[in-house]
Amino acid sequence: MTNQGKPQLSDSFDVIILGSGVAGLTTALTLAKQGKNVLVIEKRKRLGGATARSEGMAWIPLSRQAKEAAVHDTQQDALQYLLSVSDKTNLKRAESYVENASNALDFVERNSPVKYELVLGSYDYYDTLEGALKGGRALRPLPLDALKSKFDLNRIEPPLPTTMIFGGMTVASKDLPDYMNMTRSPGAALRATSLICRYIWDRVRGYSRGQRIAGGNALIAGLIQGAESCGVTIASDVRPIELLKQASAVTGIKVSIQGTVRTIKCVDGVVLCCGGWSWSWDRRNEWFPHQDAEHHSLTPKSGAEGDAISLARKFGARVDQSPEHPAAWSPVSLVPQHDQSTAPFPHYIDRNKPGIFAVTEDGKRFANEAAPYQDFTAAMIEGLQKAPEKRFYLIADSQAIKRYGLGAAPPSPGNRRPFTRSGYLKKAKSLEELAHLCKIDEGALLQTVNTMNEAARLGEDTEFGRGSSEYDRSNGDALQSPKNPNLGPCKTGPYFAVQIYPGDIATFYGLSVNEHSQVLGEQERPIAGLYSAGSDAITIAGGTYPAAGMTIGPAMTFGYTAAKHILRRNADSHSQQAA
């Protein structure tokens, strides 16, 4: 059940969960399946948080899907990879993760409409490190039909408007190659056209957006259906005020429901899954190394405000600031909207394609454009620490933009005119004109293009090593550039540019927790009755982002382990009482 208007909530539950993303809903589903009376509280009016906006990918070693595909993997290899990416990775939590991740996913799939498929083409990002796997650990949720399941999409956060097409059509990642190859493959054109026709039919029937949903929307919708079928109460538009404590244990929470303050007690504890602190200005100013520069988070603006940290600190909880980076970085561009606002667009797949490259306003490249988004954005942030007003651009020629698009501007046969009219996409007949339009150093830009064209001819980037790793190459286009799938010439006008900024998809600094997801206080002792998972808890990989799905996978897994620990603790208590 969920609130309609003012929610009618009882005064007591077994467990109270703050946050309705994948961590909170997985925790709720796991507990409710064992008979627990569970309340999920969401501060925003719509459910799902950052998860709903995401691709929904999950990094799950040794999944059922991987075993069925005969992927050779071991827990020791997966653990070694996590330890290899950062010396700040916590061993016990990493061990807990690789031991429980596949069980968590199996549980979710058995007890909800959520179904995942293996993405063999998604490599661990640092494929030369010990334990890395070249495909076999990343999975994505299958699309869901909201009409068939009678699920009201108005209940959940929609995808970012910049990632939908035709004003409301979700593009599943598995279908993206068909859209990008419509002009090169009749089969791709047919498949993409059939999906577009389905979307048009949904709109003709009066729906505000397409009813075939994918990615994080499919994950959240499926989890909500699974949780509510087990009796979980889900209440949105409920703001947490403070945690309640009796003796030395957390025993409830005080909340505000449409201006009315309520006290809700719990028997077995509170689980904090609020979504981190990406929109907490105080914490950004304290923890981001580029405080004076523009930063644009992809998380919901009024959701990730650090509520969990504020609530838990009053109980002596520690915030772990040891990770290498405070957040999971992502490059973004800002797309003008009809209401004069802007919406962010994440640059995951265009940077690494032939004929596209990145420069600052000085006309020079600053990083390997095909590097993982964490590393690419870290290079931007390093530059901003020295010059907060520095500007960054992605550049493409007409051949590249026709094949791959640029940012939110689609590839052919998509319509790019609205993006040029709004000023989002800069277009010029020549490189000199483009440099003038974007205020980029003209001479340096021309030299950079000449250098990139020579690198494309030779198939080698001697400056930043673009295309030198198998991860880089897996995200390029071997059909277009067989020598080096990430390098292509930039020599056919007109030319295009999109300005990009540093952003994030989640925070890494978080509440210190143990392998059971218990929040730790003084002397690393667990605070009784208080748990945390998702972006509210310290990251699993030491402040790195080593593979696709490294926010969703840990959130699901540690929500599951938190629930399992609550259930074990409850069972032990009953056994002691019986004795």
Undergrad: Using 0.5 Å steps for rounding, measure from the CD atom of Glu294 to the CD atom of Gln499.
TA: 7.5 Å

Undergrad: Is any side-chain heavy atom of Gln65 closer than 4.5 Å to a side-chain heavy atom of Leu105?
TA: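 Yes, side chains in contact.
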
Undergrad: Just to verify, which of Phe366, Phe392, Tyr545, Tyr348 counts as forming a ring pair (Phe, Tyr, Trp, His ring centres under 6.0 Å) with Phe376?
TA: Phe366

Undergrad: Taking the side chain from Thr539 and the backbone from Gly542, do they hold a donor-acceptor pair closer than 3.5 Å?
TA: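 Checked: no pair found.
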
Undergrad: Under 4.5 Å between any side-chain heavy atoms of Tyr81 and Leu129, yes or no?
TA: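 Yes. Closest side-chain heavy atoms under 4.5 Å.
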
Undergrad: Can you list the steps and then say if Val171 with Thr163 is a side chain to side chain contact (heavy atoms under 4.5 Å, CB included)?
TA: CA-CA 7 Å; Val171 178; Thr163 62; over 6 Å; no

Undergrad: Indicate, with yes or no, if the rings of Phe288 and Trp329 have centres closer together than 6.0 Å.
TA: yes

Undergrad: Can you check whether Lys92's main-chain N or O pairs, donor with acceptor, with Ser96's side chain at less than 3.5 Å?
TA: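 No: the side chain of Ser96 does not pair with the backbone of Lys92.
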
Undergrad: For the pair Thr89 (side chain) and Leu83 (backbone), establish whether a donor and an acceptor sit closer than 3.5 Å, ignoring hydrogens and angles.
TA: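 Here the side-chain-to-backbone pair does not exist.
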
Undergrad: Consider side chain to side chain contact (heavy atoms under 4.5 Å, CB included). Of His295, Glu382, Lys390, which one does His290 pass it with?
TA: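 Among the candidates, only His295 passes.
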
Undergrad: What's the shortest heavy-atom distance between Val250 and Ile527, and which atoms?
TA: CG2-CG2, 4.3 Å

Undergrad: Mind checking the OG-CG spacing from Ser280 to Asn285? Nearest 0.5 Å is all I need.
TA: 8.5 Å

Undergrad: Can you confirm whether more than 12 heavy atoms, excluding those of Lys364, are under 6.0 Å from its NZ atom?
TA: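 At most 12 heavy atoms, drawn from other residues, nucleotides or ligands, come within 6.0 Å of this atom.
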
Undergrad: Is it true that Glu524 and Arg318 have a side-chain N and a carboxylate O under 4.0 angstrom from each other?
TA: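 Looking at Arg318 together with Glu524, the answer is yes, because their closest N to O distance falls below 4.0 Å.
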
Undergrad: Are the charged groups of Arg137 and Asp73 less than 4.0 angstrom apart, N to O?
TA: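 So Arg137 pairs with Asp73 through a salt bridge.
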
Undergrad: Using side chain to side chain contact (heavy atoms under 4.5 Å, CB included), reason through Asp461 and Asn486 one step at a time and then give a plain yes or no.
TA: CA-CA 10 Å; Asp461 173 20; Asn486 304 107; over 6 Å; no

Undergrad: How close do Gly215 and Pro141 get, counting heavy atoms only, and between which atoms?
TA: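 Closest approach of Gly215 to Pro141: O-CG, 3.3 Å.
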
Undergrad: Answer yes if the side chains of Ser333 and His347 hold a donor-acceptor pair under 3.5 Å, and no otherwise.
TA: yes

Undergrad: Hey, would you say the Tyr125 and Tyr373 ring centroids sit under 6.0 Å apart?
TA: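 Distance test on ring centres: under 6.0 Å, yes.
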
Undergrad: Do Pro326 and Phe508 touch side chain to side chain, with heavy atoms closer than 4.5 Å?
TA: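 The answer is no; the side chains never approach within 4.5 Å.
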
Undergrad: Please report the shortest heavy-atom distance between Ala218 and Val114, naming the atom on each side.
TA: O-CG2, 4.3 Å

Undergrad: Would you please say whether a donor-acceptor pair under 3.5 Å links the side chains of Glu42 and Ser20?
TA: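 Indeed, the side chains of Glu42 and Ser20 share at least one donor-acceptor pair under 3.5 Å.
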
Undergrad: How far apart are the C-alpha atoms of Leu142 and Lys174, what are their side-chain angles, what is the distance that settles it, and do they pass the side chain to side chain contact (heavy atoms under 4.5 Å, CB included) test?
TA: CA-CA 9 Å; Leu142 292 174; Lys174 66 178 297 180; 4.1 Å; yes

Undergrad: With a 3.5 Å distance limit and no angle check, can you tell me whether Asn484 reaches the backbone of Arg466 through a side-chain donor-acceptor pair?
TA: yes

Undergrad: Measuring from atom OH of Tyr531 to atom SG of Cys273, what distance do you get when rounded to the nearest 0.5 angstrom?
TA: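 Between Tyr531 OH and Cys273 SG, I get 12.5 Å after rounding to 0.5 Å.
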
Undergrad: Going by atom types only, do Asn368 and Asp472 share a side-chain donor-acceptor pair under 3.5 Å?
TA: yes

Undergrad: How long is the gap from CE on Met556 to OG1 on Thr551, to the nearest 0.5 Å?
TA: 10.5 Å

Undergrad: Among residues at least two apart in sequence or on other chains, which ones pass side chain to side chain donor-acceptor pair (under 3.5 Å) with Arg284?
TA: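 Arg284 satisfies side chain to side chain donor-acceptor pair (under 3.5 Å) with no residue once adjacent residues are dropped.
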
Undergrad: Any chance the side chains of Gln321 and Glu286 put a donor and an acceptor closer than 3.5 Å?
TA: no

Undergrad: Please tell me if the side chains of Val108 and Val22 come closer than 4.5 Å, counting only heavy atoms from C-beta onward.
TA: no

Undergrad: Between atom CD1 of Ile552 and atom CD of Glu55, what is the distance when rounded to the nearest 0.5 Å?
TA: 10.0 Å

Undergrad: Which distance, rounded to the nearest 0.5 Å, do you find between the CD of Glu99 and the CG of Leu79?
TA: 8.5 Å

Undergrad: If we count only N and O atoms by modelled type, under 3.5 Å, do the side chains of Ser310 and Arg283 hold a donor and an acceptor together?
TA: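 There is such a pair (donor and acceptor under 3.5 Å, judged by atom type) between the side chains of Ser310 and Arg283.
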
Undergrad: Which residue pairs pass the side-chain hydrogen bond (donor to acceptor under 3.5 Å, both in side chains) test with at least one member in residues 126-135, sequence neighbours excluded?
TA: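 Applying side-chain hydrogen bond (donor to acceptor under 3.5 Å, both in side chains) to every pair that reaches into residues 126-135, excluding sequence neighbours, yields Tyr126-Asp375, Lys134-Glu470.
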
Undergrad: Return yes when atom CD of Glu522 has more than 12 non-hydrogen atoms of other residues, nucleotides or ligands closer than 6.0 Å, and no otherwise.
TA: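 At most 12 heavy atoms, drawn from other residues, nucleotides or ligands, come within 6.0 Å of this atom.
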
Undergrad: Taking Asn217 for the side chain and Ala52 for the main chain, is one N or O donor matched with an acceptor at less than 3.5 Å?
TA: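 Flag set: sc Asn217 to bb Ala52 pair under 3.5 Å.
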
Undergrad: Establish, from distance only, whether the side-chain atoms of Thr561 and Asn100 form a donor-acceptor pair under 3.5 Å.
TA: no

Undergrad: With sequence neighbours left out, what residues match Phe357 under ring-ring contact (aromatic ring centres under 6.0 Å, His included)?
TA: none

Undergrad: Could you tell me whether the side chain of Lys43 and the main chain of Gly19 form a donor-acceptor pair under 3.5 Å?
TA: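 No, Lys43 side chain to Gly19 backbone: no donor-acceptor pair under 3.5 Å.
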
Undergrad: Compute the ring centroids of Tyr560 and Tyr97, then answer whether they are less than 6.0 Å apart.
TA: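 Centroid distance Tyr560-Tyr97: not below 6.0 Å, so no.
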
Undergrad: Between Pro388 and Ala293, what is the shortest heavy-atom contact and its length?
TA: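 Pro388 and Ala293 have their closest heavy atoms at O-CB, 3.7 Å.
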
Undergrad: Can you see which heavy atom on Pro346 is nearest to which on Val332, and at what distance?
TA: CA-CG1, 4.3 Å

Undergrad: So Tyr509 and Trp287, would you call those rings parallel, tilted or perpendicular, with 30° and 60° as cut-offs?
TA: perpendicular

Undergrad: Are the side chain of Arg351 and the backbone of Glu369 linked by a donor-acceptor contact shorter than 3.5 Å?
TA: yes

Undergrad: Please name the pair of heavy atoms, one in Ala400 and one in Ile356, separated by the smallest distance, quoted to 0.1 Å.
TA: CB-CG1, 3.9 Å

